[in-house]
Asker: 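Provided herewith is a single structure, encoded as structure tokens, for subsequent inquiry.
Computation of the quantities below employed the complete heavy-atom set of this structure, encompassing side-chain atoms and omitting hydrogens, waters and symmetry-equivalent molecules.
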Amino acid sequence: MVDTIVDQLYRCLSDNKNFVLSGGAGSGKTHTLKNIINLIYEHNPNAHIACITYTEVAAKEITDRCFTIDRQNKLWVSTIHSFLWENIKNYQKQLKKAIATLIQNHTISWTPKTEENNINIIIADKRIDYKNYRDLDNGIVWHDDILKISKYLFENYPLLIKIFCDRYDYIFIDEYQDTAEDVINIFMKIIKANYRTKIGFFGDSMQSIYSNGVGNLSAYVDNANLVEIQKPDNFRCSRSVIDLCNKIRIDGLTQEPAHRNLAGEIDNKVGKAMFVYSDNPIEYFESHELYHELFNRLGPDKTLYLTHRLIATKAKYKELFEAYETFYNKKGKDKLIGDSKDHMALHLQEIAHLVYLYTNKKYNEFIQKTDFKFQNHSSKVTLKDNMEQFASQNFSIGDAIIEMDRLQLLKLGDILLSDLELFEHIKNIPFEQVQNLYNVEHNIAPYSTQHGIKGAEFDDVLVILDNGKWNQYNFTKLFSDSPDPKTLKLFYVCVSRAMNNLVVYMQSPSADTLTKAAEWFDSDNVISI
């Protein structure tokens, strides 16, 4: 039997209304998304649905649950970049105009490789294509460019919206809060134009921790462009953690335990939510008997830090972190390796991802990600030899980048042209440190930054509150009557990962902090060591 939330969503769509489903952490939003897709196809097997997710992992999960042979060419599930590219790639003349204009107004940076500096002439006979690297001289754009180009096209060619809507009956956007506002505005143009395509957003404004995301859709709900439907369930967290989450939410949504046993009874764990503090750093707590008592002497399933500064030594990428930090400090920027979106950092993570896929025998995904071109049957042997050759070497970062390009595993494109100064700064650092950073970013390591665990869940979680000298967040004011919203949301994401026990550790908290901690955690769960 379909749950009542799915019924509400379907009635909304049947009444030609657009919706936003708001649900907290652990509420099963993605499960509901799968259910509404399947329900639509039960009523209309010929419906054309586009489902946009934030990550490729989420896209694969939805595809596995919703895709069937009879829905081929009717259900499109992908990340936002792939979705946008699919809908603009055939408009080559307009694409070239967009690229030239965006270069001219400095929205897209470009350094010519030849004496010819007119991009219109250079790409006149090229086909614009989308790859995981940029080479504008040869018509290759990459993910950083797609959003900018799409924004330009949909603003300057209104007919694209109509063509867009003729293709899809429904468009669903998962994790809407992390979607760029420019992208959200594309979908809002559809709503305002009153086209037949219906839009559904799924997400949680309390989990909007990325600066480039729209954050919330309250303005559109207030203007009656969207119907908000709240999902109060929490299938993940223990009751103690749910109580804490409800106290720190600022959007009016109150979650309720929703996990049920075979008898249909609420079965969320009771768990613990504790605030532990001392005048000593985290290492003191890790050696304390209370730590071993709380975590059964094995330690927590996941230890969360705010920034890479605090775990770079433990995870063995300290040299790489410090190199990035000093480079950007000289530039007057507050930018760190794990949070930076420069081309070099993204390229290094893509190399590390290829190595991870290959060494873990995820060959299908590996083949999809590599730039290696298959010419004939022997190409597979060449690819294997090339990857084995790369994986067997202890490269520096500089050598790894060059070798990946030489072996045609991952093309370099314009990376060095755009980031030559940074390349010179980090090229001699062992590439192993990039792989160590990758393990932290992708939850392979036992500790993570608090940004790196969105969407994940763990039995026992330790959260370490330390700014790490990063001025984007303020944990001093977190425990106050008017906390910084960005910091509060990051804190919410952290604590809501715990399925059973949660411990928050802070060094030398103020009296005001302890007062608020007693309010949030209850005084019996605020412990000094």
Asker: Could you report the tightest heavy-atom contact between K96 and I128, atom names first, then the distance?
Answerer: CG-CG1, 3.8 Å

Asker: Ignoring hydrogens and geometry, is there a side-chain-to-backbone donor-acceptor pair from N234 to Q255 under 3.5 Å?
Answerer: no

Asker: Under 3.5 Å, is there a donor-acceptor pair between the side chain of N268 and the main chain of C237?
Answerer: yes

Asker: Quick check: do V6 and T32 have side-chain heavy atoms less than 4.5 Å from each other?
Answerer: yes

Asker: Test of understanding: with side chain to side chain donor-acceptor pair (under 3.5 Å), list the residues that count as partners of N156, not counting sequence neighbours.
Answerer: none

Asker: Could you give me the CA-CA distance, side-chain angles and deciding distance for F201 and Y220, then say whether side-chain contact (heavy atoms from CB on, under 4.5 Å) is met?
Answerer: CA-CA 12 Å; F201 296 95; Y220 301 104; over 6 Å; no

Asker: Are R134 and D145 close enough for a salt bridge, meaning some N to O gap below 4.0 Å?
Answerer: yes

Asker: Please check if the distance between the ring centroids of F19 and F202 is under 6.0 Å.
Answerer: yes

Asker: Going by an N to O cut-off under 4.0 Å, is there a salt bridge joining K369 and E365?
Answerer: no

Asker: Just so I know, are the side chains of V355 and Y438 near enough to count as touching, which here means a heavy-atom distance under 4.5 Å?
Answerer: no

Asker: Rounded at 0.5 Å granularity, tell me how far CD in Q94 sits from OG1 in T101.
Answerer: 11.5 Å

Asker: In terms of side-chain geometry, is the basic nitrogen of D169 or K198 positioned less than 4.0 Å from the acidic oxygen of its partner?
Answerer: no

Asker: Kindly state each residue pair satisfying salt bridge (charged side-chain N to carboxylate O under 4.0 Å, His left out) with at least one member in residues 76-91, sequence neighbours excluded.
Answerer: E86-K89, E86-R167

Asker: Quick one: CG on L488 to CZ on F491, what's the gap to the nearest 0.5 Å?
Answerer: 8.0 Å

Asker: List in chain and number order the residues that pass side chain to side chain contact (heavy atoms under 4.5 Å, CB included) with H106, two or more places apart in sequence or in another chain; answer none if no residue qualifies.
Answerer: none

Asker: Is the backbone of G271 close enough, under 3.5 Å, to the side chain of S240 for a donor and an acceptor to pair up by distance?
Answerer: yes

Asker: Looking only at non-hydrogen atoms, find the nearest pair between H81 and I146 and report the distance.
Answerer: O-CG2, 3.8 Å

Asker: For M499, what residues pass the side chain to side chain contact (heavy atoms under 4.5 Å, CB included) criterion, not counting sequence neighbours?
Answerer: R236, E457, D459

Asker: If you measure from CD1 on I199 to CG on N18, what distance do you get to the nearest 0.5 Å?
Answerer: 6.0 Å

Asker: Using 0.5 Å steps for rounding, measure from the CZ atom of R71 to the SG atom of C66.
Answerer: 6.5 Å

Asker: For K189, what residues pass the side chain to side chain donor-acceptor pair (under 3.5 Å) criterion, not counting sequence neighbours?
Answerer: none

Asker: Between K302 and R497, is there a side-chain heavy-atom distance shorter than 4.5 Å?
Answerer: no

Asker: Taking the side chain as every heavy atom from C-beta outward, state whether P300 and V461 have any pair of such atoms under 4.5 Å apart.
Answerer: no

Asker: Does anything in residues 199-213 pair up under salt bridge (charged side-chain N to carboxylate O under 4.0 Å, His left out), and if so which pairs, sequence neighbours excluded?
Answerer: D204-R249

Asker: Does the side chain of H353 come within less than 4.5 Å of Q435's, by heavy atoms?
Answerer: no

Asker: Taking only residues two or more places apart in sequence or in another chain, which ones pass ring pair (Phe, Tyr, Trp, His ring centres under 6.0 Å) with F164?
Answerer: F83, F154, Y168

Asker: Would you call D243-R239 a salt bridge at under 4.0 Å N-O?
Answerer: no

Asker: Less than 4.0 Å between a side-chain N and a carboxylate O, is that true for D233 and K231?
Answerer: yes

Asker: So, for G24 and K29, which heavy atoms are closest and what is the spacing to 0.1 Å?
Answerer: O-NZ, 3.1 Å

Asker: Which residues satisfy the side chain to side chain contact (heavy atoms under 4.5 Å, CB included) test with D64, sequence neighbours excluded?
Answerer: K60

Asker: Hey, which of N500, L502, N443 is the one that makes side chain to side chain contact (heavy atoms under 4.5 Å, CB included) with F458?
Answerer: N443

Asker: Partners of K17 by side chain to side chain contact (heavy atoms under 4.5 Å, CB included), sequence neighbours excluded?
Answerer: C12, D15, V227

Asker: Could you tell me whether a side-chain N or O of H48 sits under 3.5 Å from a main-chain N or O of N46, the two making a donor and an acceptor?
Answerer: yes

Asker: Would you please name every residue forming a side chain to side chain donor-acceptor pair (under 3.5 Å) with D460, sequence neighbours left out?
Answerer: N501

Asker: Once you round to the nearest 0.5 Å, how far does CZ of F374 lie from NZ of K380?
Answerer: 7.0 Å

Asker: Can you give me the closest heavy-atom contact between Y176 and S205, atom names plus distance?
Answerer: OH-N, 3.7 Å

Asker: Between N216 and Q177, is there a side-chain heavy-atom distance shorter than 4.5 Å?
Answerer: no

Asker: Suppose the criterion is salt bridge (charged side-chain N to carboxylate O under 4.0 Å, His left out): which pairs have a residue in residues 174-188, not counting sequence neighbours?
Answerer: E175-K454, D178-K454

Asker: Please check if the number of heavy atoms outside Q104 that lie under 6.0 Å from its CD is greater than 12.
Answerer: no

Asker: Of the non-hydrogen atoms in Y492 and S496, which two are nearest, and what is the gap between them?
Answerer: O-OG, 2.8 Å

Asker: If the condition is side chain to side chain donor-acceptor pair (under 3.5 Å), which residues does W110 pass it with, not counting sequence neighbours?
Answerer: D137

Asker: Kindly indicate whether the side chain of T370, heavy atoms from C-beta on, has any atom under 4.5 Å from the side chain of Y358.
Answerer: no

Asker: Quick check against the 3.5 Å criterion: does K247 have a side-chain atom that pairs as donor or acceptor with the backbone of W520?
Answerer: yes

Asker: For a side chain to side chain contact (heavy atoms under 4.5 Å, CB included) with I37, tell me which candidate from L33, I40, L39 qualifies.
Answerer: L33

Asker: Does the side chain of V183 come within less than 4.5 Å of I52's, by heavy atoms?
Answerer: no

Asker: Tell me the closest heavy-atom pair linking Y447 and V440, and the distance in Å.
Answerer: O-CG1, 4.0 Å

Asker: Using only heavy-atom distances, determine whether the side chains of N35 and R65 contain a donor-acceptor pair under 3.5 Å.
Answerer: no

Asker: Quick check: does any side chain N or O of N386 sit under 3.5 Å from a backbone N or O of L407, one acting as donor and the other as acceptor?
Answerer: yes

